[in-house]
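Residue numbers start from 1 in every chain, and the chains themselves are labelled A, B, ... in the order their sequence lines are given, proteins ahead of strands. It should be emphasised that the depicted structure is a prediction, and the values quoted were computed from it without experimental measurement.
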2 protein chains.
Amino acid sequence: MGKRIVPDIVVARLPLYLQTLKQLQREGEYTTSSNGLGKRIDISAAQIRKDLSHFGEFGKQGTGYAISYLIEQLEEILNVNQVWDMALVGVGFLGHAIANFRGFNSHGFQVKLIFDNNPTVIGSNIAGFIVQDSNKMEEIIQEHNVKVAMITVDSDHAQEVADRLVKSGVKAILNYAPVTIKVPEGVQIQYIDPIIELQHMTYYLD
Amino acid sequence: MGKRIVPDIVVARLPLYLQTLKQLQREGEYTTSSNGLGKRIDISAAQIRKDLSHFGEFGKQGTGYAISYLIEQLEEILNVNQVWDMALVGVGFLGHAIANFRGFNSHGFQVKLIFDNNPTVIGSNIAGFIVQDSNKMEEIIQEHNVKVAMITVDSDHAQEVADRLVKSGVKAILNYAPVTIKVPEGVQIQYIDPIIELQHMTYYLD
DNA sequence: TAGATTGTTAATCGATTAACAATC
DNA sequence: TAGATTGTTAATCGATTAACAATC
């Protein structure tokens with residue numbers, strides 16, 4: 001049943017739908033419609049229905065979607081009806097912030113391993129984790145069967161770290177370093193880069 | 001001379017081109033081609049040429065693009081041939097990391113003001129800035145004529161903070177809170193949300 | 001000059017939207 | 001039942017790619 005047939009641009013919107021449905025649930029709502037959901041996030045009702053239709057029929061004519069059911073379904077589709085252990089490589093200020101971030105837990109993720117190559121931080125305790133030596137990345141990640149990682153090292157080391165993560169069996173990398181990284185087919189990569197986003201916006205300013 | 005006529009999806013790629021050109025420059029290159037640039041970032045040569053053609057003619061047949069010239073031009077197009085002062089609202093771990101981030105400076109941005117509503121941090125020094133009281137946001141931001149802001153408060157307060165930023169004259173908001181925010185026409189908003197990116201990737205994992 | 005690469009046009013491909021029968 | 005809203009089809013719209021004359 002080919003995942004391949006769903007356009008990636010559709011997949012990319014699902015987490016936003018999930019986030020918004022959870023928000024609606026927190027607000028005490030039990031049902032919503034493609035229209036109601038779309039209004040929240042400035043996406044057309046037609047697009048939401050079309051996107052969801054790639055995966056099944058989750059709504060009812062006349063009444064819309066049961067929020068808790070649609071959340072369950074999206075969590076299953078996105079494979080976050082489980083908790084993914086994550087490795088974090090690099091403990092500067094940003095690594096610290098991520099290690100201490102409380103938001104992962106209820107959304108399918110948790111930090112499990114932290115690495116750095118700086119002897120003065122290796123062995124120290126960050127957010128309850130002992131920082132491990134980067135040199136032992138491969139064995140430790142394999143041992144813990146970690147498939148998801150975040151890179152918060154500087155640009156010059158990001159590709160090298162990514163290569164080692166891939167060797168360790170990591171299949172999804174969230175890269176915070178401001179540089180494009182090459183990964184083999186079958187390994188996912190996404191970027192978080194505030195400067196890219198800021199420059200995108202300043203285009204529209206005078 | 002309508003900025004309107006350039007598709008936003010094209011604009012969104014320009015910062016990536018700029019980033020990559022700077023990288024090439026650091027590596028000692030003086031020229032590149034649509035092909036060479038494209039290979040770095042997995043974008044087709046045709047697309048790069050098409051994108052750039054919206055703004056002018058920056059290359060030479062036979063030889064490609066002079067990197068320093070194209071950097072200059074892109075910086076001008078993106079309005080980052082100047083330094084934008086930024087306000088940062090919310091000083092948790094993430095706010096701390098952003099306040100201390102060295103990477104903004106050479107790319108057109110600098111943190112100028114930091115706000116929080118927590119009495120125990122107001123007045124304290126973070127990365128050389130005195131944390132100001134959120135209650136004085138409007139007047140202080142106006143006084144400093146700040147047009148760009150980053151939100152690192154929790155989800156429940158993000159919309160309220162955004163509203164106040166807009167009132168203060170801010171025209172571009174980078175929101176780190178995991179919630180969609182409504183802003184008026186003419187105000188730019190972009191999101192940074194690791195969970196969205198992670199869930200996008202886990203779709204492809206088993 | 002010959003080779004390389006641009007900027008641009010036209011063709012292709014893909015994504016979004018509008019419309020509506022089905023039905024809760 | 002009447003009103004609302006789904007899932008889906010077909011039409012529209014927009015983005016990407018291929019191809020090539022121009023020319024450095």
Side-chain angles (χ1 to χ4, degrees), chain A residues 1-18 20-21 24 29-74 77 200 203, chain B residues 1-18 20-21 24 29-74 77 200 203:
Chain A
M1 274 273 299
K3 286 197 165 190
R4 284 304 110 65
I5 71 166
V6 180
D8 183 64
I9 198 165
V10 171
V11 175
R13 279 190 292 263
L14 300 183
L16 183 61
Y17 298 164
L18 178 55
T20 310
L21 288 162
L24 284 163
E29 302 292 329
Y30 290 96
T31 63
T32 188
S33 62
S34 56
N35 197 266
L37 183 55
K39 285 258 174 59
R40 284 265 177 158
I41 51 182
D42 274 314
I43 291 183
S44 77
Q47 178 150 90
I48 290 174
R49 294 202 302 278
K50 187 102 213 291
D51 285 352
L52 294 177
S53 77
H54 285 99
F55 303 97
E57 308 190 355
F58 306 115
K60 266 203 188 45
Q61 284 100 327
T63 57
Y65 302 91
I67 289 174
S68 64
Y69 177 70
L70 189 49
I71 287 174
E72 269 175 32
Q73 294 298 304
L74 285 173
I77 291 164
H200 180 180
Y203 171 81
Chain B
M1 271 268 300
K3 285 200 162 189
R4 282 304 111 65
I5 73 168
V6 179
D8 182 65
I9 197 164
V10 171
V11 175
R13 280 190 291 263
L14 299 184
L16 184 60
Y17 298 163
L18 178 55
T20 310
L21 289 162
L24 284 162
E29 303 291 330
Y30 291 94
T31 62
T32 189
S33 63
S34 56
N35 196 266
L37 183 55
K39 284 258 173 62
R40 283 265 177 157
I41 51 181
D42 275 314
I43 291 183
S44 78
Q47 178 150 91
I48 289 174
R49 294 202 302 278
K50 189 100 212 289
D51 285 353
L52 294 178
S53 76
H54 285 98
F55 303 97
E57 308 191 353
F58 306 115
K60 267 203 189 45
Q61 285 101 327
T63 56
Y65 303 91
I67 289 174
S68 63
Y69 177 69
L70 189 48
I71 287 174
E72 269 175 34
Q73 294 298 305
L74 284 173
I77 291 164
H200 180 179
Y203 170 80

Residue pair A:Y65, A:L21: steps toward the side-chain contact (heavy atoms from CB on, under 4.5 Å) verdict: CA-CA 10 Å; A:Y65 302 91; A:L21 288 162; 5.9 Å; no
Who are the side chain to side chain donor-acceptor pair (under 3.5 Å) partners of B:K39, not counting sequence neighbours? B:N35
Per-residue pairing states of DNA chain C in dot-bracket (Watson-Crick or G-U under 3.5 Å; . unpaired, | other strand) read ..||||||||||||||||||||||
Within the 4.5 Å heavy-atom criterion, are A:T63 and A:T31 side-chain neighbours or not? no
Find the distance A:H54:NE2 to D:dG7:P and express it as a whole number of Å. 13 Å
Distance only, no hydrogens: is a donor on one side chain within 3.5 Å (strictly under) of an acceptor on the other, for B:R49 and B:S34? yes
Write down the distance between CD1 (B:I5) and P (D:dA15), rounded to a whole number of angstrom. 12 Å
Can you find a side chain N or O atom of B:S34 that sits less than 4.0 Å from OP1 or OP2 on C:dT6? yes
Nearest-Å distance, CD (B:E57) to P (C:dT5)? 18 Å
Set of residues satisfying salt bridge (charged side-chain N to carboxylate O under 4.0 Å, His left out) with respect to A:D8, sequence neighbours excluded: none
Can you see which heavy atom on A:P15 is nearest to which on B:H200, and at what distance? CG-N, 3.8 Å
Find the distance A:N35:CG to D:dG3:P and express it as a whole number of Å. 18 Å
Within residues 63-73 of chain A, which residues have any heavy atom lying less than 4.0 Å from an atom of DNA chain D? A:T63, A:G64, A:Y65
Once base and sugar-phosphate atoms are separated, protein heavy atoms under 4.0 Å mark nucleotides 16-23 of chain D, 5' to 3', with B, S and - as BBBB--BB
Give the rounded distance in Å between these two atoms: CZ of B:F55 and C1' of C:dT6. 17 Å
For A:I67, which of A:T20, A:T32, A:L37 qualifies under side-chain contact (heavy atoms from CB on, under 4.5 Å)? A:T32
For a 4.5 angstrom cut-off between non-hydrogen side-chain atoms, does B:Y17 reach B:I41? yes
Test log, rule side-chain contact (heavy atoms from CB on, under 4.5 Å), inputs B:L52 and B:L70: CA-CA 10 Å; B:L52 294 178; B:L70 189 48; 4.2 Å; yes
Going by heavy atoms in the side chains, are A:V6 and B:Y203 under 4.5 Å from each other? yes
Could you list the residues that satisfy salt bridge (charged side-chain N to carboxylate O under 4.0 Å, His left out) with B:R13, not counting sequence neighbours? B:D51
Could you pick out which residue, B:D8 or A:F58, lies toward the 5' side of DNA chain D when each is mapped onto its nearest nucleotide? A:F58
